Chemist: 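Sharing a structure here in structure tokens format.
What you are looking at is a predicted structure, and each value in this text was computed from that prediction instead of being measured. Labels below follow one simple rule: chain letters A, B, ... track the order of the sequence lines, proteins then strands, and each chain is numbered from 1.
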Protein chains: 2
Amino acid sequence: MYQSFDTTADPSKGPARLERLRRAMKMKGLDGFIIPRSDAHQGEYVAKCDQRLAWLSGFTGSAGFCIALMDKAGVFIDGRYRNQVRSQVDLAHFTPVPWPEVQPGNWLSEQASAGQKIGFDPWLHSRAEIERLQKDTAAAGLALVAVDNLVDQVWSDRPARPTEPITVHPIEFAGQTSADKCTEIADELLSRGLKAQVLTLLDSIAWLLNIRGSDIAHIPVVQGFAIIGDDAQVTLFTEDGRDGLDALAGFSIRPTRAFGPALEALDGPVGIDKGSAPFAVAQHLDAGGVAYDWNADPIVLPKARKNPTELAGARKAHLRDAAAMVEFLSWFDASDKTSLTEVDLVENLEEKRQETGRLEDISFETISGAGPNGAIIHYRVTHDTNRRLADGDLVVLDSGGQYRDGTTDITRTLVVGDAGEDEKRCFTRVLQGMIALSRTYFPRGRSGRDLDPIARYPLWAAHQDYNHGTGHGVGAFLSVHEGPQRFSHISEVALEPGMILSNEPGYYRDGAFGIRIENLVVVAEATCPAGGDSERALYRLETLTYVPIDTRLVIADMLSGEERTWLNTYHATCREKLSPLLTDVAYRWLQDASAPI
Amino acid sequence: MYQSFDTTADPSKGPARLERLRRAMKMKGLDGFIIPRSDAHQGEYVAKCDQRLAWLSGFTGSAGFCIALMDKAGVFIDGRYRNQVRSQVDLAHFTPVPWPEVQPGNWLSEQASAGQKIGFDPWLHSRAEIERLQKDTAAAGLALVAVDNLVDQVWSDRPARPTEPITVHPIEFAGQTSADKCTEIADELLSRGLKAQVLTLLDSIAWLLNIRGSDIAHIPVVQGFAIIGDDAQVTLFTEDGRDGLDALAGFSIRPTRAFGPALEALDGPVGIDKGSAPFAVAQHLDAGGVAYDWNADPIVLPKARKNPTELAGARKAHLRDAAAMVEFLSWFDASDKTSLTEVDLVENLEEKRQETGRLEDISFETISGAGPNGAIIHYRVTHDTNRRLADGDLVVLDSGGQYRDGTTDITRTLVVGDAGEDEKRCFTRVLQGMIALSRTYFPRGRSGRDLDPIARYPLWAAHQDYNHGTGHGVGAFLSVHEGPQRFSHISEVALEPGMILSNEPGYYRDGAFGIRIENLVVVAEATCPAGGDSERALYRLETLTYVPIDTRLVIADMLSGEERTWLNTYHATCREKLSPLLTDVAYRWLQDASAPI
């Protein structure tokens, strides 16, 4: 199993660890220390050795940070984690702080006294973050001090930095050689007048070098840093002692400890990514007297625009994954559902994906939330929370696989017995939003912001909504959450052909039920249908995910003719595409599940 | 009749007038002169004496300008007027220039020679406009020179400045005294540290002083300028010799010629509107050594948020106007349609509005476009273009009335005989978009940009679209086009309760047919229906316009259950609200026209 159901948070250990940290702070002459959830690469998942926030406080959310002072420790958590944090940390020693409503600088200004020194690890914060903090604490007379990580000093059994093998991501999946990619990026650097670009985002490095790894759960990247010169030469800085290095060619490899000195020896001007480059990168460049520009990582956009090979791979991976989902759904429907638990669903689904013989990892920890747990948007089932399915439960099942040819992400809402009328109305509205976005065409130049309301509209019209974006970008055998494109009120990035995104509206009623329906889609040139305006240049969204949507939850009368046609056509396509890939049992289930309504 | 159908453009007179202008240019030592369509108030309609562009060139569009050089005269027109301009100007003497694709500065840089002087009237251009022009012509070595208007010098029978009576807009319609408004604006000036605000937008002045006039067709404003001090005292600068001045109180009136000297005598800092204040205002302030800030006219937003009295008035005006529309539609349906022309429709409709006894003016020139004329988005019917209706024609009829209690604007698409299947499909999509926007709820803080795609979606999904915004703001017995709110891809202004907008998606097939359906709506607080999320703060759009939509053009199978319910409920409401206001004939027509589908 790639997924574990252990309760990783142990509130009982936090106080002693906090005490050890405070002794280390005292020895350093510090009055406070900041412990972020993020590592040096600002990714969503981090290696075990980088799970400092969870180790110290017990809190395991995917975002947040702790500021430890001598007499108080604030754990800053966003709206998703308001409840979770209270069960994961010892509230006698850690104080949850609502963030971003309360900004760390303001909190520090109130809690700390003039002249006090607050330490931070310059590898774990961007410059913007530290500058904001400096600005917000200046009036209170606090000093921010970059120091070696104090948690690492007191974390005695801290896991080693990962040294998993590095594998080549072959051209049959990548579609473009690393040499070609490097030349394109070097040309971009030349056009911007840059001598080199520093790369600290792990998926940018993996994409550029056509390498993959398993240093971090669920994201097949290699932990490290890289520098690409305007001569297209790349040096990867990563941990020593890995297997698989002999097969690599086309770039240099040096140990991680050589990264800082290498930065100091660069010829400027050098580009570093404004949003994510660690403060320490700028420190090293400053130390070496190297000029630099805060720019946007030039790999982010080319990586987001999948090439035809990557798209062909994505289509294959999605059908394989869909077949596994259908095997799972047919098993589920044949089961005595009220004998099953949330964990049973996760285990069976991962098994079905394993049976494809191609699963490299799950692409994130499956969300399996039944009944009221479905209303917790980022629910993670553990043995402690594991709910036995009850009659009438809706189950939000959000999961995905990492395959060499593509990354998948799919949510289906299952039902145990009969759903209530209200649940069906809400489900139908979510489905209408998801269909609306699937069917949309849109003029070139529009961004995710312009399409986000289309998916929300059926809920809005019923005075309902959901507190998350409508969709995120997805990588090609890389991160399941990939920027810059997304369907979101705040996304101004123009959508371009080849960009893969999720289309996942939902609806959540606290303490009662949750609903989410998610397919992946890819931005494509639209060919004009008969009767359309052939002079207009429009894009459309090609659906990648073909798994039946439970029509027992749909109130057919609420659908327009076009919505109904879309749904029936979608199901006919599921049948057509998946039938050859299924066991007899699943094949028969699919015939029923994909019947027109 | 408020509307005329004369062909106002006379291409034959342009060349001689251009020649007289060139003689005046020569006497002034100028090599060029700019003649904008706009007046000093940047409004959509201008007084007869300000129709310099039409007088000189023959072009009567609602936007554009001419740059006359000694050997060439460019008429800059946007996409709407590409065809119209070619029939209105003498192409041997005037050259149409596509704008904004070609910017005037770039055109001038190519056409004029280094050292040449280009004159402009500083009252007719904003500073931003002139600065852009200076920047774009600097490299070519051109000089821009502010001069008295040369067209006015050579236009021998130029109409006098209007001196129509000024009437009080009473509290029963305004809902707030002018004194109250002035105090609120003065408080705003104090909070911004301004001693005064210069007002040059005519509807801002009319709103602030609760006055109305008839200096300009279709917009009941008084031509003039105003200054409000931080002591809430206002001076109106306008033409002498008007009736109705005795009834006015609470502010001073001075002649227009006193405005410039008054500006020079102000205590600064003074606010002037960045988007619209004439260049000359800044010149006078500079001449007087008065400090000023380019800000946003502080009246625009309060004016946009209609108060409860204005909203009550708008509802009444819309019902009165709707009754006139229904009288018209019942007459139309009973007529031998193919014996009618576009002009007949305009005349009958204006008559029906006159018969309400309350019509002050039409709110703009009715667009009555049958068959292919309907595809011309800003079509103006003249005796020359007037089309006799033909079997199968769709007719776009876009019109409105000015009543003391409110301004209306409505479009209905009529049909002669039976429409084709394709026309019906397109009509149904436009209707779906219009219904979708009518039904929407949306979170506070969203702007017109966020809602615009909702109205376009049904067309987008068929690879169709329309080349205009989805809706504009509307005033309260003021301009039918009022900012800042609109439903548009480029509108970032947050929608607020009380703002009135049009909801008018359309579809246009060049040379074939046009479709538009328009209601006015007002932003309102949403009350949460049963089953909605009561903790969410949402707004909704209250419909003001209640006139049947021709169900013979609707393909009912394309509608969702909710769309059909909306349409049937809308029609039932039309019946309920309008029945008491109608003649027997129209009442019987309404019973049929509002039958459920």
Chemist: Would you mind telling me which of B:Leu538, B:Ile454, B:Thr527 has the largest number of heavy-atom pairs within less than 4.5 Å of chain A?
Modeler: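 Among the listed options, the one with the most contacts to chain A is B:Leu538.
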Chemist: Quick check on the interface: out of B:Glu492, B:Arg564, B:Arg540, who has the most heavy-atom pairs with chain A under 4.5 Å?
Modeler: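 Going by pairs under 4.5 Å, I would pick B:Glu492.
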Chemist: Show your working on side-chain contact (heavy atoms from CB on, under 4.5 Å) between A:Glu562 and B:Asp557 and close with a plain yes or no.
Modeler: CA-CA 9 Å; A:Glu562 285 167 326; B:Asp557 283 350; over 6 Å; no
Chemist: Of the backbone (N, CA, C, O) and the side chain (C-beta and beyond), which part of B:Ala462 lies under 4.5 Å from a heavy atom of chain A, both, or neither?
Modeler: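 Contact with chain A: backbone only.
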Chemist: Counting only non-hydrogen atoms closer than 4.5 Å, does B:Ser438 touch chain A with its backbone (N, CA, C, O), its side chain (CB onward), both, or neither?
Modeler: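 Contact with chain A involves no heavy atom of B:Ser438 at all.
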Chemist: From A:Asp533 CG over to B:His463 NE2, what is the distance, rounded to the nearest 0.5 angstrom?
Modeler: 8.0 Å
Chemist: Show, in sequence, the C-alpha distance, side-chain angles and deciding distance for B:Leu437 and A:Tyr457, and conclude whether the side-chain contact (heavy atoms from CB on, under 4.5 Å) test is met.
Modeler: CA-CA 9 Å; B:Leu437 190 52; A:Tyr457 174 79; over 6 Å; no
Chemist: So, taking the atom named OG in A:Ser560 and the one named CE in B:Met558, what distance separates them when rounded to the nearest 0.5 Å?
Modeler: 8.5 Å
Chemist: Does A:Asp418 have more than 12 heavy atoms from other residues, nucleotides or ligands lying within 6.0 Å of its CG?
Modeler: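 Incorrect, the count does not exceed 12.
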Chemist: Considering only heavy atoms from C-beta outward, does the side chain of B:Pro443 approach that of A:Asp465 to under 4.5 Å?
Modeler: yes
Chemist: So which of B:Gly561, B:Cys528, B:Gly532 has the largest heavy-atom pair count under 4.5 angstrom toward chain A?
Modeler: B:Cys528
Chemist: Which answer fits A:Leu451, side chain, backbone, both or neither, if we ask what part of it has an atom under 4.5 Å from a heavy atom of chain B?
Modeler: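 Just the side chain, heavy atoms under 4.5 Å.
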Chemist: Atom CG in B:Asp450, atom CG in A:Asp450: separation rounded to 0.5 Å?
Modeler: 8.0 Å
Chemist: Measuring only between side-chain heavy atoms, which start at C-beta, is B:Arg536 closer than 4.5 Å to A:Gln464?
Modeler: no
Chemist: Could you look at B:Ala436 and say if it's the side chain, the backbone, both or neither that has a heavy atom under 4.5 Å from chain A?
Modeler: both
Chemist: Among the options B:Arg439, B:Glu563, B:Arg449, B:Gln432, pick out the one with the most heavy-atom pairs lying under 4.5 Å from chain A.
Modeler: B:Arg449
Chemist: Tell me whether the count of non-hydrogen atoms from other residues, nucleotides or ligands lying under 6.0 Å of CG in B:Asn83 goes above 12.
Modeler: no
Chemist: Tell me, side chain or backbone of B:Leu459 under 4.5 Å from chain A's heavy atoms, or both, or neither?
Modeler: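 Interface part for B:Leu459: neither.
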Chemist: In terms of heavy-atom pairs under 4.5 Å, which option from B:Gly531, B:Ala526, B:Ser534 contacts chain A the most?
Modeler: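 Among the listed options, the one with the most contacts to chain A is B:Gly531.
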Chemist: Would B:Trp460 and A:Arg446 satisfy side-chain contact (heavy atoms from CB on, under 4.5 Å), going step by step from the backbone distance to the final call?
Modeler: CA-CA 12 Å; B:Trp460 280 357; A:Arg446 300 280 166 140; 3.8 Å; yes
Chemist: Please look at A:Thr565 and chain B and tell me whether the side chain, the backbone, both or neither of the residue comes under 4.5 angstrom of a heavy atom of that chain.
Modeler: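 When you check distances to chain B, no heavy atom of A:Thr565 falls under 4.5 Å.
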Chemist: Go through the steps to decide whether B:Glu535 and A:Arg509 satisfy the test salt bridge (charged side-chain N to carboxylate O under 4.0 Å, His left out), and finish with yes or no.
Modeler: CA-CA 11 Å; B:Glu535 77 283 7; A:Arg509 188 163 299 164; over 6 Å; no
